Amino acid sequence: MKQAGTFLVAGSASGPALVLPGALSFWGGVDPETGTIIDRTQPAHGERLAGKVLVMPSGRGSSSASSVLAEVIRNGRGPAAIVLQRPDAIVTAGAIVARSLYGLVCPVVTTEIGQISDGDIVTICVLPGGCAEIEIGRVGASP
């Protein structure tokens with residue numbers, strides 16, 4: 001299945017979806033050294049973000065959350081991409097800082113997230129004109 005999205009930070013990425021039912025704050029919610037979700041209120045508590053496409057309604061929390069996101073991207077323990085239901089300035093700022101300071105791209109895109117399930121393979125592509133396309137592959141689904 002494919003659907004359109006809007007880039008907040010453009011780029012291409014692919015990985016298994018880690019779907020959170022609620023917002024996550026990177027500040028106090030993610031260990032900046034390991035990229036592990038440490039927010040005990042999250043069903044995904046203990047999950048590592050590395051290589052995953054993080055899917056959630058929005059980010060949550062203070063402006064310091066952007067520095068934690070930039071740090072986990074810098075140390076290779078951050079998500080491959082972030083898919084949001086609603087735009088989030090703090091999450092976007094963290095990905096922009098990682099790109100600007102470290103040359104590392106973590107695409108951030110907004111789209112309808114209701115069709116994405118935990119473990120789905122999510123691929124984000126840049127279409128001509130800079131539009132985002134999100135392809136959702138069901139694990140175990142036949143082509």
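Start at 1 with the first residue, then count along the sequence. All values derive from a computational prediction rather than experimental measurement.
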Closest non-hydrogen contact found for Pro16 with Gly51 is CD-O, 3.6 Å
Sequence neighbours excluded, the answer for side-chain hydrogen bond (donor to acceptor under 3.5 Å, both in side chains) partners of Ser100 is none
For the atom pair OG1 (Thr6) and CG (Leu84), what is the distance rounded to the nearest 0.5 Å? 11.5 Å
hydrophobic_cluster_shared for Val108 and Ile124, side chain cutoff 4.5 Å: no
Exercise: identify the closest heavy-atom pair between Ala98 and Ile73: CB-CG2, 3.6 Å
Heavy-atom side-chain contact between Leu20 and Gln42 under 4.5 Å: yes
Is there a chain of hydrophobic side chains (I, L, V, M, F, W, Y, each step under 4.5 Å between heavy atoms) that links Val72 to Ile96? yes
What residue pairs, at least two apart or across chains, pass salt bridge (charged side-chain N to carboxylate O under 4.0 Å, His left out) with a residue in residues 51-80? Asp39-Arg60, Glu47-Lys52, Glu71-Arg74
Rounded to the nearest 0.5 Å, how far apart are CG of Leu127 and OG of Ser12? 9.0 Å
Could you tell me whether Gln115 atom CD has more than 12 heavy atoms of other residues or ligands within 6.0 Å of it? no
With side-chain contact (heavy atoms from CB on, under 4.5 Å) as the test, pick out the partner of Leu18 among Val122, Leu49, Leu24. Leu49
Strictly distance-based, threshold 3.5 Å: is any side-chain N or O of Arg99 a donor or acceptor partner for the main-chain N or O of Ala10? yes
Take Ile90 and Trp27 through the test side-chain contact (heavy atoms from CB on, under 4.5 Å) and record every step on the way to the result. CA-CA 11 Å; Ile90 302 302; Trp27 178 258; over 6 Å; no
Considering all heavy atoms of both residues, which atom of Pro57 and which atom of Pro21 are nearest to each other, and what is their separation? CG-O, 3.5 Å
Smallest heavy-atom separation, Pro32 atom then Val68 atom, equals CB-CG1, 4.1 Å
Going hydrophobic residue to hydrophobic residue with side-chain gaps under 4.5 angstrom, can you get from Val55 over to Val91? no
Do Ile38 and Val30 have side-chain heavy atoms sitting under 4.5 Å apart? no
To the nearest 0.5 Å, what is the distance between OG (Ser25) and CD1 (Ile37)? 11.5 Å
So if you build clusters from Ile, Leu, Val, Met, Phe, Trp, Tyr with side-chain heavy-atom gaps below 4.5 Å, do Leu104 and Leu8 land together? yes
Donor-acceptor contact present, side-chain Asp88 to main-chain Ser58, <3.5 Å: no
Distance-only, no hydrogens or angles: does the Asp31 side chain make a donor-acceptor pair with backbone N or O of Thr36 under 3.5 Å? no
In Å, rounded to the nearest 0.5 Å, how long is the span from CD of Glu133 to OG1 of Thr123? 9.5 Å
Are Leu54 and Val83 close enough, and set up right, to give a side-chain contact (heavy atoms from CB on, under 4.5 Å), and what steps lead you there? CA-CA 6 Å; Leu54 180 60; Val83 177; over 6 Å; no
Go through the structure and list residues passing salt bridge (charged side-chain N to carboxylate O under 4.0 Å, His left out) with Arg48, not counting sequence neighbours. none
What's the verdict on side-chain contact (heavy atoms from CB on, under 4.5 Å) for Ser14 and Ile121, showing C-alpha distance, side-chain angles and the deciding distance? CA-CA 7 Å; Ser14 185; Ile121 302 302; 3.9 Å; yes
Minimal non-hydrogen separation, Pro107 against Phe7, with atom names: CB-CE2, 4.4 Å
Looking at residues at least two apart in the chain, or sitting in another chain, which of them share a side-chain hydrogen bond (donor to acceptor under 3.5 Å, both in side chains) with Glu135? none
Excluding sequence neighbours, so at least two apart, what forms side-chain hydrogen bond (donor to acceptor under 3.5 Å, both in side chains) with Ser63? none
Before you tell me yes or no, could you show the steps for Ile82 and Val53 under side-chain contact (heavy atoms from CB on, under 4.5 Å), namely the whole-Å CA-CA distance, both residues' side-chain angles and the distance that decides it to 0.1 Å? CA-CA 6 Å; Ile82 301 172; Val53 175; over 6 Å; no
From Ile116 atom CD1 to Ile136 atom CD1, the distance as rounded to the nearest 0.5 Å: 4.0 Å
Could you list the residues that satisfy side-chain hydrogen bond (donor to acceptor under 3.5 Å, both in side chains) with Gln85, not counting sequence neighbours? Glu112
Closest contact, heavy atoms only, Cys106 versus Val9: O-CG1, 3.8 Å
